[in-house]
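Data first, discussion second: the structure below is written as structure tokens.
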Amino acid sequence: MLMFAVILASSGLLLMIEKGILAEVKPLQPAAGEPARRGGDAEPPGELEAEVLRDVRNRTLRGLCGQPAMPRSVWELPAGQRRTVLRHLLVSDKHRFLYCYVPKVACSNWKRILKVLDGALESVDVKLKMDHKSDLVFLGDMKPEEISYRLKNYYKFIFVRNPMERLLSAYRNKFGEIKEYQQRYGVEIVRRYRKNGGNSAGDDVTFSEFLRYLLDEEVERMNEHWMPIYNLCQPCAVRYDFIGSYERLNADANYVLERVRSPSFVRFPARQPWYNPVTAETLHYYLCNTQRRLIKELLLKYILDFSLFAYPLPNITSEFCRQ
């Protein structure tokens, strides 16, 4: 029922997809001479543009979350959805905040910061393979009364990213680099969607095959690396005080660190030299070499992430793809 309402509310966007008339929307650009406050490897875009973006997101969230059928707290969620969001809310009792981590939106760096704040790591620069479970406190491991207290009284934040860019990042990382994912998911994807694909080791999944797999998956059963942000973090049931953007990661991260009064020596980690980012050109290549039908159908599953967090729908017009 909720998804049906969202589709109706987003009918204008979906109509543009069907007609293929989406105009290119350029991302926010950094303002010249505007440095990040605690270091980092990028400068933030203009504060006015960022303020407008936050206002759009807040208005959209209030509009959707104010609907009678929408959950007002985590206790109104079905048990499975409640488990998912509580499993993704990390707790800092020392600094009184909750962070909903979203895979492929710099969550490893945020986990590193939490470990430093709690004394489990000496520095964000320590060269260790990230353990995503140890030395972290998950809200879902607490008693109901402890959960309710923290949801009511702690500062709550989340970081979001362009949905298609996030999916492409997950695809390239998990099926191009991680053998565990190639074996667990890749082998089955190729077997299911490729003729005579039974001999694949799962390391040659195409982007189109990955998208077909996502179309057939139930959202609530998805792996967290490609589950929609809405389902991971439930922004109606949890009223976040701040929604940061991957596109202005350092500036927004520094704002949060100052807001929770973290020590001045704690800064958001710089991007690693080996990191291979998803550029606009890379996204353009993958989108324009994928069947439009797949992308159009997939948008229905991620429409809440596009609309609530004010991301433009991908431009897949013939004119754009000829560029």
Side-chain angles (χ1 to χ4, degrees), residues 1-25 27 60 64 81 84 102-105 160-176 181 185-186 188-194 197 202 204-235 246-247 278-318 320-321:
M1 184 67 185
L2 169 59
M3 183 54 70
F4 178 70
V6 170
I7 292 172
L8 286 179
S10 306
S11 58
L13 297 178
L14 297 175
L15 180 62
M16 286 192 289
I17 299 171
E18 292 300 322
K19 288 182 176 292
I21 57 173
L22 282 177
E24 180 180 5
V25 179
T60 308
L64 177 71
Q81 294 180 19
T84 295
V102 178
K104 310 311 299 179
V105 191
V160 299
R161 185 179 187 179
N162 180 297
M164 290 306 300
E165 185 180 306
R166 177 174 170 249
L167 287 180
L168 180 54
S169 177
Y171 162 76
R172 294 205 308 167
N173 173 239
K174 300 309 176 188
F175 298 110
Y181 276 77
Y185 296 99
E188 174 60 22
I189 289 173
V190 173
R191 186 196 64 79
R192 191 186 301 181
Y193 300 107
R194 188 185 306 171
D204 59 345
V205 177
T206 69
F207 190 55
S208 292
E209 289 168 342
F210 175 56
L211 297 190
R212 290 177 67 186
Y213 166 73
L214 294 181
L215 281 173
D216 289 340
E217 277 288 280
E218 295 181 25
V219 168
E220 293 180 19
R221 296 172 60 87
M222 284 182 173
N223 179 279
E224 64 177 6
H225 289 85
W226 43 81
M227 181 181 285
I229 297 173
Y230 178 88
N231 298 81
L232 288 173
C233 295
Q234 295 290 342
Y246 186 82
E247 294 74 23
V278 174
T279 64
E281 292 74 21
T282 305
L283 185 60
H284 178 278
Y285 172 83
Y286 276 92
L287 291 179
C288 291
N289 285 277
T290 301
Q291 290 182 347
R292 292 186 190 180
R293 176 186 59 82
L294 283 178
I295 297 174
K296 292 174 183 177
E297 292 178 4
L298 191 69
L299 292 181
L300 293 174
K301 283 196 169 181
Y302 293 87
I303 194 64
L304 280 171
D305 285 2
F306 281 104
S307 57
L308 289 180
F309 305 126
Y311 283 107
L313 294 174
N315 191 334
I316 51 174
T317 62
S318 298
F320 178 70
C321 288

**Request:** Check whether any side-chain N or O of Arg161 sits under 3.5 Å from a backbone N or O of Glu247 as a donor-acceptor pair, and report yes or no.
**Result:**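 Not a single qualifying donor-acceptor pair exists.
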**Item:** Check: Glu165 main-chain N/O paired with Ser169 side-chain donor or acceptor under 3.5 Å
**Value:**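 It does not hold such a pair.
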**Prompt:** Any chance the rings of Tyr171 and Phe210 have centres within less than 6.0 Å?
**Reply:** yes
**Item:** Ring centre gap for Tyr185 and Trp226 strictly below 6.0 Å
**Value:**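 Ring centroids of Tyr185 and Trp226 are less than 6.0 Å from each other.
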**Request:** Take Arg192 and Arg212, measure what side chain to side chain contact (heavy atoms under 4.5 Å, CB included) needs, and give me the verdict at the end.
**Result:** CA-CA 10 Å; Arg192 191 186 301 181; Arg212 290 177 67 186; over 6 Å; no
Heavy-atom closest contact ([X] atom, [Y] atom, distance):
X	Y	result
Lys301	Leu215	NZ-O, 2.9 Å
Phe320	Cys288	CD2-SG, 4.3 Å
Val190	Gly197	CG1-O, 3.4 Å
Pro103	Arg166	O-NE, 2.9 Å
Val205	Ile189	CG1-CG2, 3.8 Å

**Item:** Stepwise side chain to side chain contact (heavy atoms under 4.5 Å, CB included) check, Ile316 with Lys296
**Value:** CA-CA 9 Å; Ile316 51 174; Lys296 292 174 183 177; 4.2 Å; yes
Kindly indicate whether the side chain of [X], heavy atoms from C-beta on, has any atom under 4.5 Å from the side chain of [Y].
X	Y	value
Leu167	Leu214	yes
Val102	Glu224	no
Leu304	Asn231	no
Leu308	Leu64	yes
Phe306	Leu299	yes
Glu209	Asp204	no

Separation between [atom1] of [X] and [atom2] of [Y], rounded to the nearest 0.5 Å:
X	Y	atom1	atom2	value
Thr206	Leu211	OG1	CG	8.5 Å
Tyr230	Asp305	OH	CG	10.5 Å
Arg292	Cys321	CZ	SG	6.0 Å
Thr84	Gln81	OG1	CD	7.5 Å
Ile295	Ser208	CD1	OG	8.0 Å
Ile303	Tyr311	CD1	OH	14.5 Å

**Request:** Could you verify whether a donor N or O on one side chain and an acceptor N or O on the other, from Asn173 and Tyr181, lie under 3.5 Å apart?
**Result:** no
**Message:** Quick one, Phe207 with Arg172, criterion side chain to side chain contact (heavy atoms under 4.5 Å, CB included). Give me CA distance, side-chain angles, the key distance, then yes/no.
**Reply:** CA-CA 9 Å; Phe207 190 55; Arg172 294 205 308 167; over 6 Å; no
**Asked** Is the shortest distance from a Lys or Arg side-chain nitrogen in Glu297 or Arg293 to a carboxylate oxygen in the other one below 4.0 Å?
**Response**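 Salt bridge: yes.
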